There are 2 protein chains.
Amino acid sequence: MTGNTRFAVSVHVLAYLAFKDGGQTTSAEIASSVNTNPVVIRRLLSALVKSRLVIAHKGAAGGFSLASAPAKITLLDIYRAVEPQPDHGLDRFVPNTKCPVGSRIETILRTAFFKAQTGMEAQLAATSLADVHQQLKGVCTAKK
Amino acid sequence: MTGNTRFAVSVHVLAYLAFKDGGQTTSAEIASSVNTNPVVIRRLLSALVKSRLVIAHKGAAGGFSLASAPAKITLLDIYRAVEPQPDHGLDRFVPNTKCPVGSRIETILRTAFFKAQTGMEAQLAATSLADVHQQLKGVCTAKK
DNA sequence: CTTTTGGGTAACATATTTGGTTACATTACA
DNA sequence: TGTAATGTAACCAAATATGTTACCCAAAAG
């Protein structure tokens, strides 16, 4: 195993909401689809609400719904909402500054990691929740 | 903090070996530059030796040296040597297959994660240990 | 051939992260 | 007012990461 399941579960959650097409859905119902505890779902949704991807409706007859059209939500939006900025351990990485390598490597690593992250995020930005929704419905339009 | 320090430390280690320019270096010396325990370094180097990036010399007067020219070693080589294949938690992700979303989301996620990973790896492949070495020496040739 | 030096690796301790769970306050609708 | 939902804190257990000690083995030096 590598990494946590937050991003995977979050995409699942938003895909579920897209599938429900605007209707409100409770955390319990989503949790049943994800096979986990409603609190786990609400924790993730809390972050997604803060990032304005989802709207929470409190009180009886409450639930969650998408804050915007699936075509306007990319996987990158979701990723950024639920994942901390990755640093590849750079904050725990404290080399010996007396060493010519140790004193200069950190900046080099930061640059390299930033480029790698950018490359990944560009790919995430290329897929929208609408794309996911299309695939979910098994609809295959003629082209692509 | 996010992620482990294996990749960052490994790049540091190989940069150190490149800096030593072919000479053998002990795990103790490298550990001093990284500010950690020699065993930690040897554990990482063990993976790098298995991936043929480094040669280990046992016995007295032993040590480690690069297995090939820095220009032939990319950050992607290092990344693959020391990091497990990331799966974004997909092996722990077991949605409810009775649900139309849960039953189909996994394949969609796999595709998305693969694209993201590919985007990141392309960037890592674009930087070689020779590039890192250049930056370390502070050498700035006229063009980029 | 014995000593010395250094890699290889198992074993263990500790800290952190993650995900699940319970509990409970708050909100809003009927 | 009662009910059903979110919001969130608190806690636990499992997994992970890193440091550390210990000990084996290999190879050069003498």
Side-chain angles (χ1 to χ4, degrees), chain A residues 1-10 12-13 17 20 23-32 34-51 54-65 67 82-96, chain B residues 1-10 12-13 17 20 23-32 34-51 54-65 67 82-96:
Chain A
M1 187 285 304
T2 302
N4 58 55
T5 61
R6 278 196 294 269
F7 181 46
V9 172
S10 296
H12 182 156
V13 167
L17 291 182
K20 285 284 174 164
Q24 287 184 26
T25 312
T26 68
S27 60
E29 180 178 337
I30 302 172
S32 148
V34 177
N35 251 347
T36 186
N37 193 292
V39 175
V40 173
I41 299 299
R42 292 206 293 271
R43 273 204 290 241
L44 284 175
L45 279 164
S46 170
L48 294 167
V49 167
K50 286 193 181 81
S51 296
V54 166
I55 294 172
H57 307 270
K58 298 184 182 177
F64 299 90
S65 57
V82 300
E83 289 288 353
Q85 189 72 7
D87 69 351
H88 289 273
L90 269 189
D91 64 340
R92 278 181 294 171
F93 181 71
V94 186
N96 184 347
Chain B
M1 188 286 303
T2 303
N4 58 54
T5 62
R6 277 196 295 269
F7 182 46
V9 171
S10 296
H12 182 156
V13 167
L17 292 181
K20 286 283 175 166
Q24 288 182 27
T25 312
T26 69
S27 60
E29 180 178 337
I30 301 172
S32 149
V34 177
N35 252 347
T36 185
N37 193 291
V39 174
V40 173
I41 299 299
R42 292 207 293 271
R43 273 204 290 241
L44 283 174
L45 279 163
S46 170
L48 294 167
V49 166
K50 287 195 180 79
S51 295
V54 166
I55 295 173
H57 308 269
K58 297 184 184 178
F64 299 91
S65 57
V82 300
E83 289 289 353
Q85 190 72 5
D87 69 350
H88 288 273
L90 269 187
D91 65 339
R92 280 181 292 170
F93 182 71
V94 186
N96 184 347

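So that the names make sense, note that chain A is the first sequence line, chain B the second, and so on, each numbered from 1. Please read all numbers here as calculations on a predicted model, not as lab measurements.
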- Between Thr36(A) and Gly62(B), which is nearer to the 5' end of DNA chain C once each is assigned its nearest nucleotide? Gly62(B)
- Query: How close or far is atom P of dA15(D) from atom CG of Asp87(B), stated in whole angstroms?
  - Reply: 15 Å
- Note on the structure: Nearest-nucleotide check on DNA chain C, Asn35(A) vs Thr25(B); residue mapping nearer the 5' end is Thr25(B)
- Item | Within-4.5 Å side-chain heavy-atom neighbours: Pro95(A) and Asn35(B) | no
- List the steps, then state whether side-chain contact (heavy atoms from CB on, under 4.5 Å) holds for Thr2(A) with Gln85(B). CA-CA 7 Å; Thr2(A) 302; Gln85(B) 190 72 5; over 6 Å; no
- How many Å lie between CD1 on Ile30(B) and P on dG8(C), as a whole number? 11 Å
- Item | Atom-to-atom span, CG of Leu48(A) to P of dT6(D) - whole angstrom | 14 Å
- Query: Below 4.5 Å, heavy atoms only, C-beta onward: do Gln24(A) and Ile55(A) meet side chain to side chain?
  - Reply: no
- Query: Counting only distance, no hydrogens or angles, is the base of dG7(C) paired donor-acceptor with the side chain of Arg43(B) under 3.5 Å?
  - Reply: no
- Task: Could you check how far CG of Leu45(A) sits from P of dT8(D), rounded to whole Å?
- Result: 12 Å
- Message: When you compare the side chains of His88(B) and Thr5(A), does any donor N or O come within less than 3.5 Å of an acceptor on the partner?
- Response: no
- Message: Nearest to the side chain of Thr26(A), heavy atoms from C-beta on, is which of dT21(C), dT6(D), dA17(D)?
- Response: dT6(D)
- Message: Closest approach to the side chain of Lys50(A), judged atom by atom: which nucleotide of dT18(C), dG6(C), dT8(D) is it?
- Response: dT8(D)
- Item | Reading 5' to 3' through nucleotides 21-30 of chain D, protein heavy-atom contacts under 4.0 Å coded B for base, S for sugar-phosphate only, - for none | BB---BBS--
- Protein-nucleotide distance (Arg92(A), atom CZ; dA17(D), atom P), rounded to Å: 9 Å
- Query: Got a donor-acceptor pair under 3.5 Å from the side chain of Arg6(A) to the base of dG19(C)?
  - Reply: no
- Item | Atom-to-atom span, CD1 of Ile41(B) to P of dT18(D) - whole angstrom | 11 Å
- Task: Output yes when at least one side-chain N/O atom of Ser46(A) is less than 4.0 Å from OP1 or OP2 of dT8(D), else no.
- Result: yes
- Item | side chain to side chain contact (heavy atoms under 4.5 Å, CB included) partners for Thr25(B), two or more places apart | Tyr16(B), Leu17(B), Lys20(B), Glu29(B), Ile30(B)
- Would you sort out whether Asn96(B) and Val34(A) count as a side-chain contact (heavy atoms from CB on, under 4.5 Å), showing the intermediate values? CA-CA 6 Å; Asn96(B) 184 347; Val34(A) 177; over 6 Å; no
- Query: Can you check the His88(B) NE2 to dT17(C) C1' distance for me, whole Å?
  - Reply: 17 Å
- With respect to the phosphate group of dT6(D), does any side-chain polar atom (N or O) of Ser27(A) fall under 4.0 Å of OP1 or OP2? yes
- In whole angstroms, how far is the C1' atom of dG6(C) from the NE2 atom of His57(B)? 12 Å
- Task: Please list, chain by chain and in numerical order, all residues satisfying side chain to side chain contact (heavy atoms under 4.5 Å, CB included) with Ser27(B), sequence neighbours excluded.
- Result: Pro38(B), Ile41(B), Arg42(B), Phe64(B)
